[in-house]
Number of protein chains: 2
Amino acid sequence: MCIFCQIAKKKIPAEIVYEDEKVLAFKDIHPIAPVHVLVITKEHVESVNELVDEQLAGRLILVGKRVAQDLAISEKGYKLLFRVGADGGQEVSHIHLHVLGGAKLYEEIRAE
Amino acid sequence: MCIFCQIAKKKIPAEIVYEDEKVLAFKDIHPIAPVHVLVITKEHVESVNELVDEQLAGRLILVGKRVAQDLAISEKGYKLLFRVGADGGQEVSHIHLHVLGGAKLYEEIRAE
């Protein structure tokens, strides 16, 4: 079973910050920002490419926003990021939205 | 009127790659990747913080995915990114989803 499915089923512990019937949000164990939370679907969906449910896609975003509010990074700002596939840098094959904030974030993205 | 509202109303030209009744996607005039498209709401919404419609949030993501398919970067991969507010690096106060791909993307994000 994939590692994020195991977290969704509570077989692996995680620091959960939000949960409902469709999605789960937990702190990334290798944070790259003072706040770094992952929002995942409970159902296994490999990536954005396999996501077809508009409501579920929207839920991921609105939960990202809600987590930002709950963790008090909302007003100053944050990033919401999906990495998709190899070129996109996706590391776990279960859709996850990165919520990144808690400081002014330096960002560089460019073609290699 | 904000610049993205003017693009949505066709008062300013843009290289449009997708359009429906709710959202518009067009090429970023300052691309940071071989493919760099912005997906915006036609209605003025300042940022993810002001987005409340789950369906509309989902539409932005699924249109990002569709644009990636249409521009043939889907299989190799891409990034979908919302910058929100000052810490998030948002530059135009009208919600826009960055679709970034067309090459293996180097990415660095860190707290300043």
Side-chain angles (χ1 to χ4, degrees), chain A residues 22-23 31-36 45 47-69 72-91 93 95 97-112, chain B residues 22-23 31-36 45 47-69 72-91 93 95 97-112:
Chain A
K22 293 283 187 187
V23 311
I32 60 170
V35 171
H36 188 174
V45 176
S47 79
V48 170
N49 281 337
E50 284 73 32
L51 189 62
V52 291
D53 181 340
E54 196 162 271
Q55 203 89 37
L56 183 57
R59 178 75 61 94
L60 289 169
I61 299 304
L62 293 195
V63 167
K65 167 194 165 180
R66 185 190 165 136
V67 164
Q69 288 167 338
I73 60 170
S74 192
E75 272 185 53
K76 286 200 165 178
Y78 53 96
K79 294 180 192 291
L80 297 181
L81 172 68
F82 285 113
R83 299 180 182 134
V84 188
D87 278 5
Q90 186 171 353
E91 287 171 353
S93 293
I95 192 167
L97 175 69
H98 297 266
V99 182
L100 296 158
K104 175 91 184 143
L105 293 180
Y106 168 86
E107 174 199 315
E108 188 184 356
I109 296 173
R110 58 176 162 75
E112 271 185 356
Chain B
K22 294 283 187 186
V23 311
I32 60 170
V35 172
H36 188 173
V45 176
S47 79
V48 170
N49 281 337
E50 285 71 32
L51 190 62
V52 291
D53 180 341
E54 196 163 271
Q55 203 91 35
L56 183 56
R59 180 74 63 92
L60 290 169
I61 299 305
L62 293 195
V63 167
K65 166 193 165 183
R66 183 187 167 140
V67 164
Q69 287 167 339
I73 60 170
S74 193
E75 271 184 55
K76 286 201 165 178
Y78 53 95
K79 294 179 193 291
L80 298 181
L81 171 67
F82 285 114
R83 299 178 182 134
V84 189
D87 278 5
Q90 186 172 352
E91 286 172 353
S93 294
I95 193 168
L97 176 69
H98 297 266
V99 182
L100 297 158
K104 175 92 183 141
L105 294 181
Y106 167 85
E107 174 200 316
E108 187 184 355
I109 295 174
R110 58 176 163 75
E112 270 186 356

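The chains referred to below are lettered A, B, ... by the order of the sequence lines, with proteins before strands, and numbering in each begins at 1.
Ranked by heavy-atom pairs under 4.5 Å with chain B, the list Ala86(A), Gly88(A), Ala33(A) is led by Gly88(A). Between chain A and the residues His98(B), Glu75(B), Arg83(B), the largest count of heavy-atom pairs under 4.5 Å involves Arg83(B). When Gly77(B), Gly85(B), Ala57(B) are compared by the number of non-hydrogen pairs under 4.5 Å with chain A, Gly77(B) comes out ahead. Contact count against chain B (heavy-atom pairs under 4.5 Å) is highest for Ser74(A) among Pro31(A), Ser74(A), Gly64(A), Ser47(A). The choice from Leu97(B), Asp53(B), Val52(B) that makes the most heavy-atom pairs within less than 4.5 Å of chain A is Val52(B). The residue among Gln90(A), Lys76(A), His36(A), Gln69(A) with the most heavy atom pairs within less than 4.5 Å of chain B is Lys76(A).
Under the 4.5 Å side-chain criterion, counting only non-hydrogen atoms from C-beta, Arg110(A) is not in contact with Ile32(B). A 4.5 Å side-chain heavy-atom check between Leu80(B) and Val48(A) finds at least one atom pair inside the cut-off. When side chains are defined from C-beta on, Ile73(A) does not count as touching Asp87(B), because their heavy atoms never get closer than 4.5 Å.
Partner of Glu54(A) under the salt bridge (charged side-chain N to carboxylate O under 4.0 Å, His left out) criterion, chosen from Arg66(B), Arg59(B), Lys22(B): Arg59(B).
Heavy-atom distances place the side chain of Leu62(B), and not its backbone, under 4.5 Å from chain A. When heavy atoms are compared at a cutoff of 4.5 Å, Leu100(A) approaches chain B solely by way of its side chain, counted from C-beta outward.
Lys79(B) contributes no side-chain N or O that, together with a main-chain N or O of Leu81(A), makes up a donor-acceptor pair within less than 3.5 Å.
The number of heavy atoms from other shown groups lying within 6.0 Å of CD (Glu108(A)) is above 12.
Nearest heavy-atom pair, Glu107(A) versus Ile109(B), reported as atom, atom and distance to 0.1 Å: CG-CG1, 4.1 Å.
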